[in-house]
Protein chains: 2
Amino acid sequence: MKQSKRAGIKDVAELAGVSNMTVSRVLNGTVKVSEEKRKAVLTAVEKLDYKPDLAARRLGGNKSYMLGLLYQDLDISYVSKFLLNALKSSRDQGFHLIPNEIDGDIEKSLSSVVDLIEITRIDGLILLPPVSDNQQIIDVLKKHQTPFVRITPDSHFDLSPYICIDDYMVGYKMTEHLINLGHKKVAHIMGNTKQGTSHLRCQGFVDALHTNHLSAPEEFIVEGTYTFDSGVEAAKKLLNLANRPSAIFASNDEMAAAVILVANNLGIAIPEQLSVAGVDDAQLAVTLSPNLTTIKQPIAQMAELAVKLLAKGADNLKMKERISTAIS
Amino acid sequence: MKQSKRAGIKDVAELAGVSNMTVSRVLNGTVKVSEEKRKAVLTAVEKLDYKPDLAARRLGGNKSYMLGLLYQDLDISYVSKFLLNALKSSRDQGFHLIPNEIDGDIEKSLSSVVDLIEITRIDGLILLPPVSDNQQIIDVLKKHQTPFVRITPDSHFDLSPYICIDDYMVGYKMTEHLINLGHKKVAHIMGNTKQGTSHLRCQGFVDALHTNHLSAPEEFIVEGTYTFDSGVEAAKKLLNLANRPSAIFASNDEMAAAVILVANNLGIAIPEQLSVAGVDDAQLAVTLSPNLTTIKQPIAQMAELAVKLLAKGADNLKMKERISTAIS
DNA sequence: CTGAAAGCGCTTACAG
DNA sequence: CTGAAAGCGCTTACAG
């Protein structure tokens, strides 16, 4: 209470009867320290309420305990929710998160990112879509060899570690959800077949049916391209079938919305005669229609995982992390 | 391009033919340096693309170039907008902003604030409402002698510097706005007379009338308490007047909404027979009714001012800063 | 106006 | 497993 100054590492070392290094090692948990000394250090730390200075740690070592978050528009609910959760996770991990906007002024944006790397020496960056696919940003990060994790990138998946939802499980769970609703005749509108995502979701769909001793006739799986128009085409095919499905699971919400439109035009009542399900993509975080079942992105989990990956250090970065999803 | 390592202050000093100190002084602009050397330094800085390391600056000196922002709920549009603007201003001022949530877990929240002060050694904090009136937080900041600026606090204005809108101008401008609309008979519903804010807005009202060679009869100024109910009472008094006003300026939106309700009940058409104006308080940032003219808080300006005040250092902190407003 | 010295509080090698 | 030394890259006094 009467301490004129905050306790430093040497105060702790003195009280514990060890050297600075032992204190440092106990706190960082990198190297083995004898139980005896470890306890003495911990006790001293507790007693003095010692907290290692962030700047000194950065300057002496090589970790800054700071992470950056690159976003484009904070006003988007997806972004602010991610930020909120990322801030919480960062705090839990003992890191600070510095949000940084990437806007139209790309020169300025790039220079602010470089400053984050060179001046602040952040330990890593999280890129939110659409920054996840900003080649200029990625190039700069690569050049500076800064660890970064991209959230749901659209392409170039091999460029860096990234986090996306588990698309197989998306397909599986949504299909299972429809089956649990009592549906036996479930159809699927695939997304663009050039994207792995589409196939994963479709596989989940097929497997969920199989697990539940059901199967879909060939004509129940229609290819789309994730656009509303392609959804309209696909829906027409499915709903004009002699033996039409009682539920349609579209690979994204745009196509699901198209299904609803077509059904309405055909006088098919939703949800009485047809259940429609979609998947919420990327920044979208709203349900397009009250009659549409959709899968929302588990933003909190993605944020937490992103922070943890970077907090653990660049070495632990795998190329891909998948997150399970919840149906709403 | 081929530099194996980033340029340090000594590299700049060497290139410029001066000492480290001269470089430091030129960059911080604190002390006079001869024009000749200053130019040499600047040239060298430019050539080497020198950027002083943040941690070293913090450790060597006493500024961290980091600010904290305390908020309670990022989902509130007022908060995310403030954050966004504060982030931009911080960047412009060469500071980093670390957002930190204050939630129900007050122990944890307080400790995170203490960490911000003791570990990160931020240079100052911005408190957003309702944190601006959180006594526990304020006590901690006072104890640690950390500079902080409160945004639109509700009370205890002498506890710290704070930023609020210029209430006199709010009253003045809104009244002027109504006069410009052609109104001659403008009434005012004051807010709680125990708060200075109410009197300032009322004075602005009176002065605006006066400047425009108008005046309000005594019964045109009614006291309210900022509540909806008090607005109803006040509106009844005003609208039942034999010579009733053609425009009513209420000191906040709650009371203005009440006026609209009462007018509707009385069969008075808005805006044909009556114009209603209010003031957007604190976190509110939406217009309550399409027929209501309201003054919005200049969030961007407040954020910028808050950052600038803290960036300039504790010495420059005045107790009160006022911001002008815009009518929408 | 300018500089040489010391120090900020940690961590990285280097020894043992 | 543990410690003494040196250094991270700046800035603060202290001199002149």
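Below, read A as the first sequence line, B as the second, and so on, with proteins coming before strands; counting in each chain starts at 1. Below, each value reflects all heavy atoms present in this structure, side chains not excepted, and no hydrogens, waters or symmetry copies.
Not one side-chain nitrogen or oxygen of B:Lys63 sits closer than 4.0 Å to the OP1 or OP2 atom of D:dT11. Taking 4.0 angstrom as the limit, B:Asn20 places none of its side-chain polar atoms (N or O) nearer than this to OP1 or OP2 of C:dA4. Residue A:Ser24 places at least one side-chain N or O under 4.0 Å from the OP1 or OP2 atom of C:dT11. Residue A:Tyr50 has a polar side-chain atom (N or O) positioned under 4.0 Å from OP1 or OP2 of C:dC10. OP1 and OP2 of C:dC1 both lie 4.0 Å or more from every side-chain N or O belonging to B:Thr22.
Looking at the side chain of B:Ser34, the nearest of the listed nucleotides D:dG3, D:dG9, C:dT2 is C:dT2. Of the candidates D:dC10, C:dT2, D:dT12, D:dC10 carries the atom nearest the B:Pro52 side chain, counting heavy atoms from C-beta on. For B:Lys37, taking side-chain heavy atoms from C-beta onward, the closest of the listed nucleotides D:dT11, C:dC10, C:dG3 is C:dG3. Residue A:Ser19 places its side chain closer to D:dA4 than to any other of C:dG3, D:dA4, C:dC10. Listed candidates were C:dA4, C:dT2, C:dG9. Nearest to the side chain of B:Met21 is C:dA4. Nearest to the side-chain atoms of A:Lys32 among the listed nucleotides D:dC8, D:dC1, D:dC10 stands D:dC1. Of the candidates D:dC8, D:dC10, C:dT2, C:dT2 carries the atom nearest the B:Arg25 side chain, counting heavy atoms from C-beta on.
Atom CD of A:Glu14 is surrounded by 12 or fewer heavy atoms from other residues, nucleotides or ligands within 6.0 Å.
Among the protein residues, B:Gly61 comes within range of the sugar-phosphate backbone only, with heavy atoms under 4.0 Å from sugar or phosphate atoms but none that close to a base. B:Lys10 comes within contact range of no nucleotide atom at all, as no heavy-atom separation falls under 4.0 Å.
Checking B:Val33 against A:Asn28, the closest nucleotide of DNA chain C that is more toward the 5' end is the one next to B:Val33.
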